[in-house]
Amino acid sequence: MKQFNINNLVRQNIRELTPYSSARDEFIGEANVFLDANENSIGSTIQGNFNRYPDSQQWELKEKLAKYKQVQPEQIFLGNGSDEAIDLLFRAFCEPKKDRALIFPPTYGMYKVQANINDTPLDEINLNSDYSLPIDKIEQIINPNVKLLFICSPNNPTGNLIEKVSIKKILNCFKGIVIVDEAYIDFYPEGSMLNEIDTYPNLVVLQTFSKAWGLAGLRLGMAFAQKETIDILNKIKYPYNVNTLTQTYALKALQNSKQKNEMVKIILQQRNWLSKQLTELSIVENIYHSDANFLLVKVHNATKLYKILVQQGIIVRNRSSVELCDNCLRITVGTEDENKLLIKCLKKVNIEIPVTA
Ligand SMILES: *Cc1c(COP(=O)(O)O)cnc(C)c1O
């Protein structure tokens, strides 16, 4: 592989930045009297040890996570959701108004929002009609100013995994950073690119505790990459970006990984059941293949159906205004009861509203 140096990609001001140094960063070693951070030494106003700042580098959590994910702790960035990592990537690598980012719609909306917030021009190349990556001639199409290229796999809102061979082809020909967002990878772990981070210095893999782990409220996202890239994200993050509660509970969650796997199994069973039930409805035109915990479903009149479901107190995501998602609803797999209720409601609609082309 050709020579790759992440420091040639990083913005000059970030390369030259002296990061904030917290009290705890400056003292390394053993001690038991901490009078260095202006905390309240007496205690907290609520039960629990919240009077001390959390570990800014989350080392205990990273050690455990590294074992679980089979990477080095130095190859992990932890943030306030994976959304934080997305934002930091823009801030580290994209000179506003100059450096570009590339996305493959239809995909996760945050990439575009973050590009806009960071004043980064965005290129969009649609996925193929089967939602696969358009890799034909991709090399010629990519603007030379593109620094960040986002691939969401399994993709939101379409649900399909993106083939590893296509991702590798892009990793090999593209000179910027390839971010593979694997928020839903626990539902198809074999599809992960995580074990490729040692091979590709331009690969960043994003994962999260928000989906399969059932911890969306904790706000904990992960970025995995070679140490040099992770160092850059750590250099510009807020010093205490992952709070004490999140670190404590994430450690507990890692000990309960079996429970995560069991929930994934149930969700996959329920997804198959839902899919089968939906096939039998004439209002349903297509159920796209899903490798995630949701289904993209093409119906005859998505907006009308969406409103009917809302009236029944059932909220799905109307994606019909999204390109290549004409008349599509994105339905998260619920509990067994919730899914039954949804199907019951849809069956009723199916009878009452005649199919009109
Ligand atoms: C849900 C989701 C995330 C998760 O974001 P968090 O900030 O970690 O909650 C990331 N990427 C995609 C594509 C998602 O659908």
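The first residue in the sequence is number 1, and the count goes up from there. When a ligand or atom number is given, it counts from 1 through the structure's own listing order.
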- request: If the plane angle is over 60° it's perpendicular, under 30° parallel, otherwise tilted; pick one for Y108 and Y111.
  value: perpendicular
message: For F150 and F104, I'd like to know if the aromatic rings sit close, meaning centre-to-centre distance below 6.0 Å.
response: no
Aromatic ring pairing F34/F27, orientation class (parallel under 30°, perpendicular over 60°, tilted between): perpendicular
Residue from V284, L346, I343 passing side-chain contact (heavy atoms from CB on, under 4.5 Å) with Q277: I343
Filter the ligand 1-protein atom pairs down to N or O on both sides and distance under 3.5 Å, then list them.
from, atom 1, to, atom 2, distance (Å)
ligand 1, 5 (O), S82, OG, 3.2
ligand 1, 7 (O), S82, N, 3.1
ligand 1, 7 (O), D83, N, 3.3
ligand 1, 7 (O), D83, OD2, 3.4
ligand 1, 7 (O), R219, NH2, 2.8
ligand 1, 8 (O), S82, N, 2.7
ligand 1, 8 (O), S82, OG, 2.7
ligand 1, 8 (O), T208, OG1, 2.7
ligand 1, 9 (O), S210, OG, 2.7
ligand 1, 9 (O), R219, NH1, 2.9
ligand 1, 9 (O), R219, NH2, 3.3
ligand 1, 11 (N), D181, OD1, 3.3
ligand 1, 11 (N), D181, OD2, 2.7
ligand 1, 15 (O), N156, ND2, 2.9
ligand 1, 15 (O), Y184, OH, 2.7
ligand 1, 15 (O), K211, NZ, 3.2

message: I'd like to know if the side chain of T335 pairs up with that of D337 as donor and acceptor (distance under 3.5 Å, no hydrogens or angles considered).
response: no
query: Does the side chain of E39 come under 3.5 Å of the side chain of N51 through a donor N or O and an acceptor N or O?
result: no
